[in-house]
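Since the structure comes first, as structure tokens, the remarks are kept for the end.
Note that the coordinates shown come from a computational prediction; the quantities given were computed from them, not determined experimentally. Numbers here are sequence positions counted from 1. Order of listing sets the numbers, starting from 1, for every ligand and every atom in it.
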Amino acid sequence: MYKSIKDELQKDLESIKLNGLFKKERVITSKQGSQISTASNHNVLNFCANNYLGLSSNEEIINAGIETLKVYGYGLSSVRFICGTQDIHKRLEEKTAQFLGMEDCILYAAAFDANGGLFEPLLSKEDAVISDELNHASIIDGVRLCKAKRFRYSHNDMTSLEEQLKLASSQRRKLIVTDGSFSMDGTVAQLDKICDLADKYEALVMIDECHSTGFIGKRGRGVHEYHNVMDRVDIITGTYGKALGGASGGFTAARKEIVDILRQHSRPYLFSNSVAPVVVGASLKALEIISESTYLKNKLEKNTAYFRSEMTAAGFDVLPGIHPIVAIMLYDAKLAQKFSEKLLEEGVYVVGFFYPVVPRGKARIRVQLSAAHEIKQIEKAVKCFVKIGKKLKVV
Ligand SMILES: *Cc1c(COP(=O)(O)O)cnc(C)c1O
């Protein structure tokens, strides 16, 4: 039987390659950091990790992980509601809720699961989800699993959101859903305006803060802090797998009854293993570090501002904004690919994005700044961008 399927799959793979869409993985042979080694290049400056606060290889966090491993063991080998939960899991939920200014929090194996298990327990066919068209894949999948009526608004467009809210007005519960920060453009959602519209049309607001938690807003609480609406958001999903140490694990922080219902009905929570204790212990340390001081967040902001202004001054077409995700627009897919290859040869690791990850004709290089970067490293990156940019006649 497999033979015919094998042939079909091989054809599919061929066509992915022919279309230039085959995804290869670079092999990293060192710890995560501002400087890494890969199987083909030693000492590459890394500008493409979600290691926003430089915590992925933080000494205190590693030690907290080792300590937790010794005290709490390697694994729980069980779903929480069946065999029980460890006290550190409860503590991480409490600390996460506190950090975000939410009433309660529930852990998942990943933010992908948090989004996958959010909508179905809360919404049924008489309800509505009003979703930004560029929301993350895990939100799209999560929404697919619920029976609510779906409404899509143009990306970050408040007029379009209002139109969709009007169309949804006869539905029972209405939930506006958006990424807090969008990973391709570094756009920060206009959450104050979204909350105003939510009030006007009696909708709830949910944000996915995977690219915000820990470094957006005055104390790094996220987009709800940045836009001064900390008490007006109903549901926040997020990850421990990016700024907060970068291992894995996700969460939904929300109003108490929402979290209570998720604990009863959310399938990725009910039918999947507890987060590994070592990850929980290390994530607690990450939260402690960023609660005590905004030093890392401030350094990230300085790095971001410096890179954005240097690149703009050098003549690059930089999507404006404040986010450490910086899109350098090249528009042409082949050029974006070539540009990133040349940069790697110079020792600067960034990624070119093109269709279908971003719209056709909107190819770019995405740079991600980190608090782990030193100004010298950013200077070098800019220099390399200018060198290659001149060679390829971009600047
Ligand atoms: C990375 C990301 C996720 C998935 O997070 P994981 O914890 O790695 O599963 C979900 N939503 C958004 C917006 C993300 O950027």
### Task
Find all atoms of ligand 1 within a distance of less than 4.0 Å from any non-hydrogen atom belonging to Asp208, and give their numbers and elements.
10 (C), 11 (N), 12 (C), 13 (C)
### Query
Where does Ser183 meet ligand 1, judged by heavy-atom distances below 4.0 Å: at the side chain, the backbone, both, or neither?
neither
### Crowding at NZ, Lys362 (>12 non-hydrogen neighbours, <6.0 Å)
no
### Query
Which ligand 1 atoms are under 4.0 Å away from a heavy-atom of His211?
15 (O)
#### Entry: Shortest protein heavy-atom distance from atom 8 (O) of ligand 1, along with the residue and atom involved
Thr239 OG1, 4.2 Å
### Query
Under 3.5 Å, is there a donor-acceptor pair linking the side chains of Asp87 and Tyr72?
yes
### Query
When the aromatic ring centroids of Phe47 and Tyr349 are compared, is their separation below 6.0 Å?
no
### Query
Looking at the rings of Tyr52 and His373, which for Trp means the six-membered one, are their centres under 6.0 Å apart?
no
### Message
Parallel, tilted or perpendicular, judged at 30° and 60°: which one describes the rings of His136 and Phe112?
### Response
perpendicular
### Query
Is the Phe385 to Phe339 ring centre distance short of 6.0 Å?
yes
### Task
Heavy-atom contacts with Ser138 under 4.0 Å: which atoms of ligand 1 show up? List them by number with element.
10 (C), 11 (N)
### Summary
atom 1 (C) of ligand 1 has as its nearest protein heavy atom Lys242 NZ, 1.5 Å
### atom 9 (O) of ligand 1: the protein heavy-atom neighbour that sits closest, reported with distance to 0.1 Å
Phe112 N, 3.0 Å
### Task
Please state which part of Ala110 comes within less than 4.0 Å of ligand 1, counting heavy atoms only: side chain, backbone, both or neither.
both
### Message
Checking ring pair (Phe, Tyr, Trp, His ring centres under 6.0 Å) between Phe251 and each of Tyr240, Phe99, Tyr108, which is the one that passes?
### Response
Tyr240
### Query
With only distance considered, is Gly250 within less than 3.5 Å of ligand 1 through an N or O on each side?
no
### Message
Starting from atom 5 (O) of ligand 1, what is the nearest protein heavy atom, named by residue and atom, and what distance separates them?
### Response
Ala111 CB, 3.2 Å
